[in-house]
Amino acid sequence: MIALGDHAEFILAAYAGVFVTLALVISWTVVAARRTTRRLEELGDTRRADNANP
Amino acid sequence: MATDAVQKMTFWNRLAHPGQFVQWTRPLVWPLAGLSLVLFLAGLYFAFFVSPAEKYMGDTVRIMYVHVPSAWLSQFVYATMAASALGTLIWRHPMADVSMKAAAPLGATFTAMALFTGALWGRPTWGTFWEWDGRMTSTLVLLFIYFGIIALWRAFDDQLRAARVVAVFTLVGAVNIPIIKFSVDWWSTLHQPASVFRADGPTMPPEILTPLFVMFFAFTLLFAVLQLVGMHTEVRRRRVTTLERRAARGESR
């Protein structure tokens, strides 16, 4: 990797902040999807989950 | 002609039916996620191993590769929500409010990321993390609008009623998008004017434009994936609500 110069801490902090935030958003999306699917199963949904019509 | 009309109806019906929409778009999720990951890896490689330091900004130009896509999405997501709001108010499209609801937290996230990376870019470039100028202030206002929309969704038990209120609020808030876009032209600002999407072409050299565009598509595809999964979840969540209400009334499914 190339040297990042005098402002390396700003560059690394920006990338760390962005990718940590993206990881959190992806995790939150996946957890919400799984929790909802599990709840549908608990309620004994007789239709396929992906056919759900609210 | 008649056949065309039937085909168009079928397309819109498929798009409007929540179950059909989920079935139709589900196969897109993993390919789009894979493509987004590949583009992120390529973007990081270009950003740290290929991109040169910029003449005036030096190495801090590398912050642009995550700042510009975040800022672009902060406005694009809002434009998506405004289009969905029209779908809710004019056509009562069943998936329009599902789209609005799924997009709001993503838009808030990208806006927060744009403000964060902008502050970290501003300190070494301008000597300050924050300045109350047109671009930064209007972007902060956009973040608060997103928060307001998320709060509005949570304030209503009846999500169909919430959708109409949120749609009106979203369309009123849309006035902020052109203000963000043109703020650098209308007011004196520290923020640089448009340098990529210009009538006379980009002002940047190709070795800086390449990582920028790779990251731009990586972020945009990631948004598409998260939006689709969020919409699928919202469709199921509404099915959960329906089933819970039926169970509370002691009805059979």
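Chain naming here is simple, since letters A, B, ... match the order of the sequence lines and numbering starts at 1 in each.
Atom-to-atom distance recorded for Leu243(B):CG and Glu42(A):CD is 12.0 Å, nearest 0.5 angstrom. Residue Leu120(B) holds its CG atom at 9.5 Å from CD of Glu9(A), rounded to the nearest 0.5 Å. Rounding to the nearest 0.5 Å gives a distance of 9.0 Å between CG of Leu40(A) and CD of Glu244(B). Taken from OG1 in Thr37(A) to NE2 in His232(B), the straight-line distance is 11.0 Å, to the nearest 0.5 Å. Between the OH atom in Tyr65(B) and the CD1 atom in Ile11(A) there is a gap of 10.5 Å [rounded to 0.5 Å]. The CZ atom of Arg237(B) sits 8.5 Å away from the CZ atom of Arg35(A) when rounded to the nearest 0.5 Å.
Between His67(B) and Val18(A), the closest side-chain pair of non-hydrogen atoms is not below 4.5 Å. Side-chain contact between Phe10(A) and Thr125(B): absent, with no pair of heavy atoms (C-beta onward) separated by less than 4.5 Å.
Contact count versus chain B (heavy atoms, under 4.5 Å) is highest, among Ala32(A), Ala8(A), Ala13(A), for Ala13(A). With respect to chain A, the highest number of heavy-atom pairs below 4.5 Å among Thr241(B), Leu222(B), Val225(B) belongs to Leu222(B).
For Met57(B), no part lies near chain A; criterion is any non-hydrogen pair under 4.5 Å. Proximity to chain A (any heavy atom under 4.5 Å) is shown, for Phe223(B), by neither the backbone nor the side chain. Leu24(A) does not touch chain B: none of its heavy atoms, backbone or side chain, sits under 4.5 Å away. Using a 4.5 Å cut-off between heavy atoms, Pro94(B) makes no contact with chain A at all.
For Phe40(B), the ring pair (Phe, Tyr, Trp, His ring centres under 6.0 Å) partners are Phe19(A), Phe219(B), not counting sequence neighbours. Among residues two or more places apart in sequence or in another chain, the ring pair (Phe, Tyr, Trp, His ring centres under 6.0 Å) test is passed with Tyr45(B) by Phe49(B).
Shown here is Asp157(B), whose CG atom has no more than 12 heavy atoms of other residues, nucleotides or ligands within 6.0 Å.
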Given Thr233(B) and Thr29(A), is the side-chain contact (heavy atoms from CB on, under 4.5 Å) satisfied, shown in steps? CA-CA 9 Å; Thr233(B) 303; Thr29(A) 305; 5.6 Å; no

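Less than 6.0 angstrom separates the ring centroid of Phe48(B) from the ring centroid of Tyr15(A).
Among Val30(A), Leu22(A), Ile26(A), the single residue meeting the side-chain contact (heavy atoms from CB on, under 4.5 Å) criterion with Leu226(B) is Ile26(A).
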